[in-house]
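Every heavy atom of this structure was used, including side-chain atoms; hydrogens, water molecules and symmetry mates were not.
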Amino acid sequence: DERKFRSQVFLFSYGQMPENVRNREFIEFHEIHSLKSVLKNRGKLVYILTSIRATIFRAWDLFKSLWNVSDLDLILVQNPPSIPTLFIVYLVIKLKHRDALFAIDWHNFG
């Protein structure tokens, strides 16, 4: 049976996926909304505060998206960005997807 060897893939991304990836029947795409309102030219304090705000919103969106998937066997994180991604994935595995494996692709490490 062909279905025994097929997987359902859930892609969580901070950006758009190419159409040839988005239109696959076994891939379900979830875009994590990122705030583009980090203000860089208004001083250090404004930059720090808007960066913290953007990170909190990203973390919450990622948490909700991962939580709403019914069953996960493996979560593969492409790193960077590690903040807040690694902590959120770890938290969701501990709270809901306890049997899921957690793998990290350190593609920019070293």
- [ ] Treat each ILVMFWY residue as a node, draw an edge where side-chain heavy atoms are under 4.5 Å apart, and state whether I88 and Y90 are in one component.
- [x] yes
- [ ] Would you please name every residue forming a side-chain contact (heavy atoms from CB on, under 4.5 Å) with L91, sequence neighbours left out?
- [x] F63, F87, L95
TODO: Check whether any side-chain heavy atom of I93 lies under 4.5 Å from a side-chain heavy atom of R98, and answer yes or no.
DONE: no
Open item on the list: Does atom CG (D99) have a neighbourhood of more than 12 heavy atoms from anything else shown, all under 6.0 Å?
Closed with: no
Task: Validation row: L86, V77 side chains within 4.5 angstrom (heavy atoms) - done: yes
- [ ] Any chance you could measure D71, atom CG, to K96, atom NZ, to the nearest 0.5 Å?
- [x] 8.5 Å
Open item on the list: Under a 3.5 Å distance rule, please check whether H97 uses its side chain to pair with a backbone N or O of L66 as donor and acceptor.
Closed with: yes
Task: Spacing of I75 atom CD1 and I104 atom CD1 [to the nearest 0.5 Å] - done: 11.0 Å
Task: Spacing of CD1 belonging to I27 relative to CZ belonging to F10, to within rounding of 0.5 Å - done: 11.5 Å
- [ ] Find out if a path of hydrophobic residues (ILVMFWY) with successive side-chain heavy-atom gaps under 4.5 Å connects L76 to L101.
- [x] no
Open item on the list: Looking at K64, is its backbone amide N or carbonyl O close enough to the side chain of N68 to form a donor-acceptor pair, meaning the two atoms are under 3.5 Å apart?
Closed with: yes
TODO: For F12, enumerate each residue passing the ring pair (Phe, Tyr, Trp, His ring centres under 6.0 Å) test, keeping only those at least two apart in sequence or located in another chain.
DONE: H30
Open item on the list: Applying a strict under-4.5 Å side-chain criterion to I, L, V, M, F, W and Y, I'd like to know whether L11 and F26 cluster together.
Closed with: yes
Task: Same apolar cluster (I L V M F W Y, side chains within < 4.5 Å links), V9/L74 - done: no
Open item on the list: As an exercise, state the distance from OG of S51 to CD1 of I56, rounded to the nearest 0.5 Å.
Closed with: 11.0 Å
Open item on the list: Holding to side chain to side chain donor-acceptor pair (under 3.5 Å), I want the full list of residues that pass it with T85, two or more places apart in sequence or in another chain.
Closed with: Y14
